[in-house]
Amino acid sequence: MGNVALKKDGTSQGIAKVRHWESLFPPDRRLYHDPYAYAMFSGSIIQHWMGPTLIDRVYRSMGMGGFSEMISIRTKWIDDQIEEAISHENSPAKQLIILGAGYDTRGFRLDLWKQDKEFRVIEVDQPEVQMRKLKILLWLSNKEGEDGQRIADRMGTTKVQFVPIDFNKDDIQQKLASHESFRSNVTSVITLEGVTQYIPKERTADTLKKLGSIISPGSTILVTYVDEKCMGDIKTLPRQFRWVRNLAAKSGEPWISGWSKEEFENFINECGYEVASDTSQEDYNETYLKEVGRQLHQDDLLSMERFVFAKKR
């Protein structure tokens with residue numbers, strides 16, 4: 001199922017590839033397990049045959065050491081924040097909104113219904129990407145075993161819903177507010193993962209402000225952004241940074257927006273949110289990676305992207 005190419009989903013397939021790579025590690029050495037990632041990109045059979053160690057060597061020979069770990073840390077960090085949000089003692093989140101969802105599978109691989117059987121997941125993305133993803137999910141739902149049954153169960157109810165949006169034309173406020181599954185009067189957790197570097201800052205601000213007008217105060221937003229140090233003349237950047245920037249450009253989705261830590265805090269504050277934490281790969285090398293015996297050498301740390309936890313005021 002992972003052999004269909006789509007111009008608008010090159011980056012999303014690349015992220016699915018990293019999540020599959022992470023899932024190939026033995027249980028005691030991986031940060032998370034995504035049993036569906038293999039179906040979301042082309043070439044998963046080859047990657048499975050190579051195994052995580054050989055793949056890592058290949059990546060490093062290409063000058064991208066630390067990149068896969070950065071994406072895996074980002075995934076693990078967001079997983080953890082979502083779990084904490086839905087387990088909050090005083091104001092647990094009642095719905096998860098995934099903006100620019102791509103091939104994110106959190107609505108199927110995470111147990112988000114432990115606290116609230118009415119919890120809802122709403123995926124928002126481009127119609128073409130969602131159409132391909134839905135075809136893959138349908139194929140996966142027909143497979144035997146718990147993984148397939150989990151998809152069938154959640155797609156057969158209102159647990160996971162899909163909202164197609166053309167981000168260049170549609171109004172996200174109107175689209176979400178008019179959707180039958182969206183609830184404005186409950187605490188939400190929203191993810192905007194690996195998106196802001198690809199769109200103008202004005203569009204990110206517009207999205208966050210419109211979203212803020214329909215979600216409940218106290219809701220959590222988990223958003224990532226690229227450090228402005230990575231946005232300068234590509235010839236002056238370290239080898240790994242050049243590789244990632246070039247890869248994004250070749251995929252037809254070049255990076256166009258970056259912020260300093262101080263600038264992003266001011267930016268998101270102006271959009272109606274208050275930053276609680278702003279971290280990067282380096283902050284989790286001593287925790288996530290060390291705990292599974294995969295701590296990176298300082299030279300391999302690729303802190304290009306920062307992870308922000310913020311609250312709607």
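When a residue number appears, it is its place in the shown sequence, counting from 1.
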Output, in order, the C-alpha distance, side-chain angles, deciding distance and verdict of side-chain contact (heavy atoms from CB on, under 4.5 Å) for Ile82 and Leu112. CA-CA 9 Å; Ile82 291 172; Leu112 303 173; 3.8 Å; yes

In the structure I gave you, are the side-chain heavy atoms of [X] and [Y] within less than 4.5 Å of one another anywhere?
{"X": "Leu301", "Y": "Glu69", "value": "no"}
{"X": "Ile214", "Y": "Phe182", "value": "yes"}
{"X": "Thr105", "Y": "Met40", "value": "yes"}
{"X": "Asp278", "Y": "Glu265", "value": "no"}
{"X": "Thr224", "Y": "Thr191", "value": "no"}
{"X": "Phe162", "Y": "Leu134", "value": "yes"}
{"X": "Val223", "Y": "Tyr273", "value": "no"}
{"X": "Ser68", "Y": "Val18", "value": "yes"}

Chi angles and distances behind the side-chain contact (heavy atoms from CB on, under 4.5 Å) call for Ile78, Phe307: CA-CA 9 Å; Ile78 292 178; Phe307 321 139; over 6 Å; no

Indicate the atoms forming the closest heavy-atom contact of [X] with [Y], along with that distance.
{"X": "Thr187", "Y": "Gly218", "answer": "CG2-O, 4.0 Å"}
{"X": "Phe167", "Y": "Gly100", "answer": "CZ-N, 4.1 Å"}
{"X": "Ala16", "Y": "Ala37", "answer": "O-CB, 3.5 Å"}
{"X": "Ala101", "Y": "Glu123", "answer": "CB-OE1, 3.6 Å"}
{"X": "Gln115", "Y": "Ile86", "answer": "CG-O, 3.3 Å"}
{"X": "Ser188", "Y": "Ala93", "answer": "C-CB, 4.2 Å"}

Separation between [atom1] of [X] and [atom2] of [Y], rounded to the nearest 0.5 Å:
{"X": "Lys261", "Y": "Ser280", "atom1": "NZ", "atom2": "OG", "value": "8.5 Å"}
{"X": "Gln197", "Y": "Glu228", "atom1": "CD", "atom2": "CD", "value": "14.5 Å"}
{"X": "Met155", "Y": "Leu138", "atom1": "CE", "atom2": "CG", "value": "6.5 Å"}
{"X": "Ile97", "Y": "His179", "atom1": "CD1", "atom2": "NE2", "value": "11.0 Å"}
{"X": "Lys312", "Y": "Leu208", "atom1": "NZ", "atom2": "CG", "value": "11.0 Å"}
{"X": "Tyr288", "Y": "Asp80", "atom1": "OH", "atom2": "CG", "value": "3.5 Å"}

Parallel, tilted or perpendicular: which fits the ring planes of [X] and [Y], with parallel below 30° and perpendicular above 60°?
{"X": "Phe267", "Y": "Trp259", "answer": "tilted"}
{"X": "Trp113", "Y": "Phe119", "answer": "perpendicular"}
{"X": "Trp255", "Y": "Tyr198", "answer": "perpendicular"}

Salt bridge between Asp56 and Arg60, side-chain N to carboxylate O under 4.0 Å? yes

Report yes or no: is the cationic atom of [X] (NZ for Lys, CZ for Arg) closer than 6.0 Å to the six-membered ring centre of [Y], at no more than 45° off its axis?
{"X": "Arg19", "Y": "Tyr103", "answer": "no"}
{"X": "Lys17", "Y": "Trp21", "answer": "no"}
{"X": "Arg109", "Y": "Tyr32", "answer": "yes"}

Are His20 and Phe41, when compared by the centres of their aromatic rings, separated by less than 6.0 Å? yes

Take Arg106 and Val121 through the side-chain contact (heavy atoms from CB on, under 4.5 Å) test and state the conclusion after the steps. CA-CA 9 Å; Arg106 290 185 174 95; Val121 177; over 6 Å; no

When you measure from the side chain of [X] to the backbone N and O of [Y], does any donor-acceptor pair fall under 3.5 Å?
{"X": "Gln281", "Y": "Leu302", "value": "yes"}
{"X": "Asp125", "Y": "Gly102", "value": "yes"}
{"X": "Gln13", "Y": "Ser42", "value": "yes"}
{"X": "Asn285", "Y": "Leu296", "value": "yes"}
{"X": "Lys133", "Y": "Asp104", "value": "yes"}
{"X": "Tyr36", "Y": "Leu137", "value": "no"}
{"X": "Ser23", "Y": "Pro35", "value": "no"}
{"X": "Lys201", "Y": "Gly258", "value": "yes"}
{"X": "Arg183", "Y": "Lys94", "value": "yes"}
{"X": "Arg154", "Y": "Val160", "value": "no"}

Would you find more than 12 non-hydrogen atoms of other residues, nucleotides or ligands less than 6.0 Å from [X] atom [atom1]?
{"X": "Glu144", "atom1": "CD", "answer": "no"}
{"X": "Arg57", "atom1": "CZ", "answer": "no"}
{"X": "Glu83", "atom1": "CD", "answer": "yes"}
{"X": "Ile45", "atom1": "CD1", "answer": "no"}
{"X": "Glu118", "atom1": "CD", "answer": "no"}

Hey, are Gln173 and Ser213 close enough side-chain-wise for a donor-acceptor pair under 3.5 Å? yes

Regarding Thr220 and Lys311, do their side chains bring together a donor and an acceptor under 3.5 Å, going by distance alone? yes

Report the C-alpha separation of Ile122 and Gln95 in whole Å, then their side-chain angles, then the decisive distance to 0.1 Å, and conclude whether the side-chain contact (heavy atoms from CB on, under 4.5 Å) test is met. CA-CA 8 Å; Ile122 301 175; Gln95 67 185 0; 4.2 Å; yes

Under a 4.5 Å side-chain heavy-atom rule over Ile, Leu, Val, Met, Phe, Trp and Tyr, are [X] and [Y] clustered together?
{"X": "Leu192", "Y": "Ile256", "value": "no"}
{"X": "Ile165", "Y": "Met131", "value": "no"}
{"X": "Leu96", "Y": "Val186", "value": "no"}

What residue among Ile98, Leu99, Val124 forms side chain to side chain contact (heavy atoms under 4.5 Å, CB included) with Val163? Val124

Evaluate the criterion salt bridge (Lys or Arg N to Asp or Glu O under 4.0 Å) for residue pair Arg294 and Glu22; output intermediate values, then yes/no. CA-CA 12 Å; Arg294 291 165 50 197; Glu22 182 68 38; 2.6 Å; yes

Starting from the C-alpha separation in whole Å, work towards a yes-or-no answer on salt bridge (Lys or Arg N to Asp or Glu O under 4.0 Å) for Arg150 and Asp147. CA-CA 5 Å; Arg150 190 179 302 119; Asp147 294 335; 3.1 Å; yes

